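Proteins come first, then strands; the chains are lettered A, B, ... in the order of their sequence lines, and each starts at number 1. Note that the structure is predicted; figures quoted are calculated from it, not measured.
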There are 2 protein chains.
Amino acid sequence: MSISSKVMGRLTRYRALLTEYFPKDKLHVFSHELATMMGFSASQVRRDLMCLGYFGVPRYGYEVKELIHHINDVLDASKVHHVAVVGAGNLGRALMSFLGSRRATLKIVAAFDDDPQLANRLINGVPCYAMDRAEEIMKHQGITIAILCVPGSAAQRVTDRLVIAGIKGILNFAPVPIRIPVGIALEEIDVTSALERVAFYTTSRTGTPKKRRNSPQE
Amino acid sequence: MSISSKVMGRLTRYRALLTEYFPKDKLHVFSHELATMMGFSASQVRRDLMCLGYFGVPRYGYEVKELIHHINDVLDASKVHHVAVVGAGNLGRALMSFLGSRRATLKIVAAFDDDPQLANRLINGVPCYAMDRAEEIMKHQGITIAILCVPGSAAQRVTDRLVIAGIKGILNFAPVPIRIPVGIALEEIDVTSALERVAFYTTSRTGTPKKRRNSPQE
DNA sequence: CCTGAAATGTGAATCCATTCACATCGTTCA
DNA sequence: TGAACGATGTGAATGGATTCACATTTCAGG
C-alpha cells in the first residue's frame, strides 16, 4: 500500500507531537487524544495509523513507544539526508538555525549563495559556498536535498542549476512555482500566499473557512 | 458560491505570477499558459477562474489586467489588515523583512516577544513590544492577524493570550498544532514536516504520489 | 466466568477536488 | 462573407480523502 502525501504529512506531525510535546509518563495514547491535539477526527487518526502495520489494542489505545518506532520505520525508510540551503538571505539563515537542531536524519551541511561576500564563510555554523561550486560540493558532501530561499526572479534559474548538479529533492520557499523534471521530489511553501489566505478568511464572515475547529479547552 | 481554501490559495498565486513574474507586454493569457507556469492542468485553471465572475473570451484567453483586477476584488474584499509578528527570534525576524515589502493590504505593524531585551526596540523597522502589552497594542493599532513564530513549547500558551486579546486570524509557524475557538482563521506552516515529506519522496522510489512535474501547495 | 463499557479496524457512504469531454463561441483568414 | 480553428465554460465522470457506523476486541468488576 502506497502512502499518500497527506497521510505522510500527518504522520510526521504525530511523531513530532509524541516525541517532543507529549507527557513522558503517559505510556498509551488513544486515537481521540491524538485527534483533539491535532485538531481533527479520531477516525482520521486511526486511518492514518493503519498504514503503519502497527495496531493498537481496543480499550488500551496505542503504545507510545511502539507507535513512534513504527512511524520512524515508515518515514525514515531512507538513510540520512544531507541538505543544502540555497540562498543565504534572511529567510535562508533563519531556516538554517531553525532546522539546525532538528532531526538527526536531516543534516544541513552547506549553504549556497550568489553573493560573493558570503562565500567561504561560516553562517550559523554552516559553511557557505559560491553558487557555481554547487555541483562540486553537492557531489563531495552527498547532498540530495535543497531548501530554496532565493528571490522569485531567480528561482527557476537556480533550480535548473540544482537539477543539473543532480539534486533529488527540493523544498521551495520562493514565491513562484518552479518546474522540475519528473523523478525529483518537490514541496512548495508560499508564505505570502498563506498569509493572504488567513487574511481572506479573517474578514469574510460568510464562507465556512477551514478544516479545523477546536475549542481552546483542554 | 463559496470559495474553497484550495482555490483561494491558487488564486493568490495566479495573482503573484501575473503581477510580478509575467512579461509586461503580454496583454492576454491562456489557461494553458497559466497551467504550465503553475504546474497543473488547464481545466484546473479555468475552474478556478470561474469563481471570479470574470470570463475570458475563446480564442483570446483572459485579459491580464482585468484578471488581476478581478482576483483583487475577490481576495481583498477585506480592508487593509494590520499584522503582528509574535516571537521575534530568527524566523520571526526573517519573516518581517521578507514580508515587509509585500502587498500593501497586509502591513506588519508590530512584533511581540517575551524576551525583555527586545522590547521597545525597532527590529527591521518594526517596533517590538513585550508580550504582556499585546492586548493594548493590538487594540490601539487595529491588529487583526498574528504570525506565530514561537517555540513549540510556548505555542498554545501564546495563542491563548492572543485569542483573549482579540486576534482574528493566525498564521502558525510553530511546529505543533494549536487550538483556537471557532470563528478565528488559522493556517499552519510546518517547515519541519515539509522537509521530512521531501526527504521521504526523495528516497522512496516506489510511490509516485506527485502526478505532474509540479506538486500542489500543501 | 459473564457482562458492560470503551476503544479499535474497516467496509460503505459521503464529500470534495480534479479531470474529461464536448458544445459553444469569438477570431482569423481564404 | 463564411468556414475552420482554437480557445472557453461547464455537466458529468473520476478519483481521493474523510467521515460514518458498526462488528469486534479487550479489560474491569461483580
Please state whether the phosphate of D:dT19, meaning OP1 or OP2, lies under 4.0 angstrom from any side-chain nitrogen or oxygen of A:Ser41.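 True: A:Ser41 side-chain N/O within range (under 4.0 Å) of D:dT19 OP1/OP2.
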Kindly say if A:Ser4 contacts the phosphate of D:dG16, meaning a side-chain N or O under 4.0 Å from OP1 or OP2.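 No, outside the criterion.
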Could you state the [atom1]-[atom2] distance from [X] to [N], rounded to the nearest angstrom?
X	N	atom1	atom2	answer
A:Leu67	C:dG9	CG	C1'	15 Å
B:Lys6	D:dG15	NZ	P	17 Å
A:Ile3	D:dG16	CD1	P	16 Å
A:Glu63	D:dC27	CD	P	12 Å
B:Asp48	C:dT19	CG	P	10 Å

Using 30° and 60° as the class boundaries, would you call the ring planes of A:Tyr60 and A:His28 parallel, tilted or perpendicular?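 Rings of A:Tyr60 and A:His28: perpendicular, over 60°.
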Between A:His70 and A:Tyr54, how do the two ring planes meet: parallel, tilted or perpendicular, split at 30° and 60°?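 A:His70 vs A:Tyr54 ring planes: parallel.
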A correct 5'-to-3' footprint of nucleotides 5-13 of chain D, with B, S and - meaning base, sugar-phosphate only and no protein heavy atom under 4.0 Å, is BBBBBBBB-
Between A:Arg93 and A:Asn124, is any side-chain donor less than 3.5 angstrom from a side-chain acceptor?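 No, because no side-chain N or O of A:Arg93 sits under 3.5 Å from a partner of the opposite role on A:Asn124.
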Taking the side chain of B:Gln44 as its heavy atoms from C-beta onward, which of D:dT19, C:dT18, C:dA17 lies nearest to it?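 So the side chain of B:Gln44 is nearest to C:dT18.
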Qualifying salt bridge (charged side-chain N to carboxylate O under 4.0 Å, His left out) pairs with a residue from residues 51-68 of chain A, counting only residues at least two apart or across chains: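 Residue pairs passing salt bridge (charged side-chain N to carboxylate O under 4.0 Å, His left out), neighbours aside: none found.
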Which salt bridge (charged side-chain N to carboxylate O under 4.0 Å, His left out) pairs, counting each pair once, include a residue from residues 147-158 of chain B, with sequence neighbours left out?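 Residue pairs with at least one partner in residues 147-158 of chain B: B:Asp114-B:Arg157.
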Side chain proximity check, A:Ser31 to A:Gln44, heavy atoms < 4.5 angstrom: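 No - every pair of side-chain heavy atoms lies 4.5 Å or more apart.
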